[in-house]
Amino acid sequence: THTFNILAHGFVSRGEFTDALSLFSTMEGFGCSPDTITHNTILDGYCRKGMLKEARDLLVEMKGRGLLPDRSTYNTLIAGYCRIGWLKEATKVIELMTRSNFLPDLWTYNMLMLGMCREGRMDEACRIKDEMQKLAIMPDVVSYNTLIKGCFQWRNEGAALRMLEEMRSKGLKPSLVTYNILVKQLCEEGRMDEAVTNLKKMEEEFTHPDNVTYNTLINGYCRCGNFGEAYKLMDEMVGRGLKMD
RNA sequence: CUCUUUUCUUUG
């Protein structure tokens, strides 16, 4: 079953969803019965294809087979609804989860905040952050990255920087992703010099730029027609052992 | 850091 779960995940993450589905019957043929993880994986596959109805059916089906949904089952569904912007439905699943004796966790809240940010409901997203703290679920780097990106996206640079400060004050170190968000924002504003300065700052904090960092910067230079600098960065990235993609 | 499932960053 472990083996097939790995296969199922492989299919789902590559978008080969029908292959994942057929695994269900194939497994039985080998005497391996699909477990909760198998179902969670397929469930995620449906969600990623936007087939939420089918996902719900699968949830019913797994219960019918005597398999108990776990946190991940519910979180997967919630992620699915957040992805397509159905926050109302996502909230309903949270209620369902709670009734099944699973309290929403860090992941649940992070996904909800992401959903809110995408819809431009930044005030509510921030309120969720405060709420979870009251419940002793501490926001992590992902939480803050989500909020910071949201603030930038909706043109609230001040709030974004305050979030960054708050994160630091809580002893959370900005991650590579955090820096990539900052770099992207500076590029969008055409502040290329500061973006490059950020590269140095990263190094000082022992966070090494990756492909995303460089691609972001290169895109920034290209957008303002500075192809010379763009080429320089390409050289720099291969010099660092990064492979251009 | 023996990574089977759910959340954050680029090109989109």
Side-chain angles (χ1 to χ4, degrees), chain A residues 1-13 20 23 27 32 34-48 55 58-59 62 67-83 90 93-94 97 102 104-118 125 128-129 132 137 139-153 160 163-164 167 172 174-188 195 198-199 202 207 209-223 230 233-234 237 242 244-245:
Chain A
T1 301
H2 279 254
T3 317
F4 281 104
N5 284 346
I6 295 170
L7 256 183
H9 179 236
F11 284 138
V12 167
S13 57
L23 266 183
M27 294 180 67
C32 302
D35 62 3
T36 299
I37 293 182
T38 319
H39 284 78
N40 288 349
T41 306
I42 305 292
L43 197 72
D44 186 41
Y46 276 130
C47 288
R48 287 182 192 279
L58 184 60
L59 178 63
M62 73 186 283
L67 293 171
L68 291 178
D70 59 10
R71 302 197 113 72
S72 298
T73 314
Y74 293 109
N75 279 338
T76 303
L77 261 182
I78 293 164
Y81 282 122
C82 286
R83 226 174 267 130
V93 178
I94 292 180
M97 171 167 59
F102 291 112
D105 61 7
L106 180 61
W107 286 50
T108 317
Y109 286 113
N110 281 347
M111 294 186 292
L112 247 190
M113 285 194 285
L114 178 63
M116 296 291 183
C117 287
R118 287 204 177 133
I128 291 175
K129 186 209 64 180
M132 59 195 280
I137 299 174
D140 67 353
V141 185
V142 173
S143 320
Y144 280 106
N145 286 345
T146 303
L147 292 173
I148 291 170
K149 164 128 195 287
C151 289
F152 277 137
Q153 207 159 34
M163 284 295 164
L164 184 63
M167 168 169 64
L172 294 172
S175 68
L176 176 58
V177 172
T178 316
Y179 281 109
N180 286 342
I181 292 169
L182 295 176
V183 166
K184 167 87 160 86
Q185 177 62 19
L186 292 170
C187 286
E188 296 235 303
N198 240 272
L199 264 193
M202 287 175 70
T207 305
D210 68 351
N211 248 305
V212 175
T213 321
Y214 278 104
N215 285 340
T216 305
L217 285 167
I218 290 168
N219 182 248
Y221 275 126
C222 288
R223 278 180 24 170
L233 285 174
M234 288 169 73
M237 75 189 279
L242 293 172
M244 293 189 289
D245 55 3

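By convention in this document, chain letters (A, B, ...) are assigned in the order of the sequence lines, proteins followed by strands, and residues within each chain are numbered from 1. Please read these numbers as outputs of a predicted model, since none were measured by experiment.
- Counted by atom type alone, Asn75(A) and Ser72(A) present zero donor-acceptor pairs between their side chains at under 3.5 Å.
- The aromatic ring of Tyr179(A) does not sit over the base of rU9(B); the criterion of centres under 5.5 Å apart with planes under 30° is not met.
- A sub-4.0 Å separation between OP1 or OP2 of rU7(B) and a side-chain N or O of Arg83(A) is present.
- The listed nucleotides are rU9(B), rU11(B), rU6(B); the one nearest the side chain of Asn180(A) is rU9(B).
- Side chain to side chain, Asn219(A) and Thr216(A) fail the donor-acceptor criterion of an N or O pair below 3.5 Å.
- Inspection of the Thr178(A) and Ser175(A) side chains reveals an N or O donor paired with an N or O acceptor under 3.5 Å.
- At whole-Å resolution of the value, CG in Asp44(A) and C1' in rU4(B) are 13 Å apart.
- Arg48(A) has a side-chain polar atom (N or O) that falls below the 4.0 Å cut-off from OP1 or OP2 of rU7(B).
- Closest approach to the Lys184(A) side chain among rU11(B), rU5(B), rC8(B) is made by rU11(B) (side chain taken as heavy atoms from C-beta onward).
- Note: CE (Met62(A)) to P (rU5(B)) measures 15 Å, nearest angstrom.
- When heavy atoms are screened at a 4.0 angstrom cut-off, Thr146(A) is found touching the sugar-phosphate backbone but no base atom.
- Atom NZ of Lys149(A) is separated from atom C1' of rU7(B) by 13 Å (rounded to the nearest Å).
- The Asn215(A) side chain lies nearest to rU10(B) when the options are rU6(B), rU10(B), rC8(B).
- Side-chain contact between His9(A) and Asp44(A): absent, with no pair of heavy atoms (C-beta onward) separated by less than 4.5 Å.
- Among the protein residues, Arg223(A) comes within range of no part of the nucleic acid, since none of its heavy atoms lies under 4.0 Å from any strand.
- A straight line from OH of Tyr109(A) to P of rC8(B) spans 18 Å, rounded to a whole angstrom.
- Counting only heavy atoms from C-beta outward, the side chains of Leu114(A) and Arg118(A) approach each other to under 4.5 Å.
- Comparing rU7(B), rC8(B), rU5(B) against the side chain of Arg118(A) picks out rC8(B) as the nearest.
- Among the nucleotides rC8(B), rU4(B), rU11(B), the one closest to the side chain of His9(A) is rU4(B).
- Within the nucleic acid shown, His2(A) comes within 4.0 Å of at least one base atom, counting heavy atoms only.
- Candidate nucleotides rU9(B), rU5(B), rC8(B) were compared by shortest atom distance to the side chain of Val212(A), and rU9(B) ranks first.
- Separating the CE atom of Met113(A) from the P atom of rU9(B) is a distance of 13 Å, rounded to the nearest angstrom.
- rU5(B) atom P lies 18 Å from atom CG of Leu67(A), rounded to whole Å.
- Side-chain contact check for Thr213(A) and Asp210(A): at least one donor-acceptor pair (N or O, by modelled atom type) lies under 3.5 Å.
- In this structure, the CG atom of Leu23(A) is 15 Å from the P atom of rU5(B), given to the nearest Å.
- Here rU7(B) presents its P atom at 18 Å from OH of Tyr74(A), a figure rounded to the nearest Å.
- The side chain of Ile37(A) sits closest to rU4(B) out of rU4(B), rU11(B), rU7(B).
- You'll find that the side chain of Leu114(A) is closest to rC8(B), out of rU4(B), rU6(B), rC8(B).
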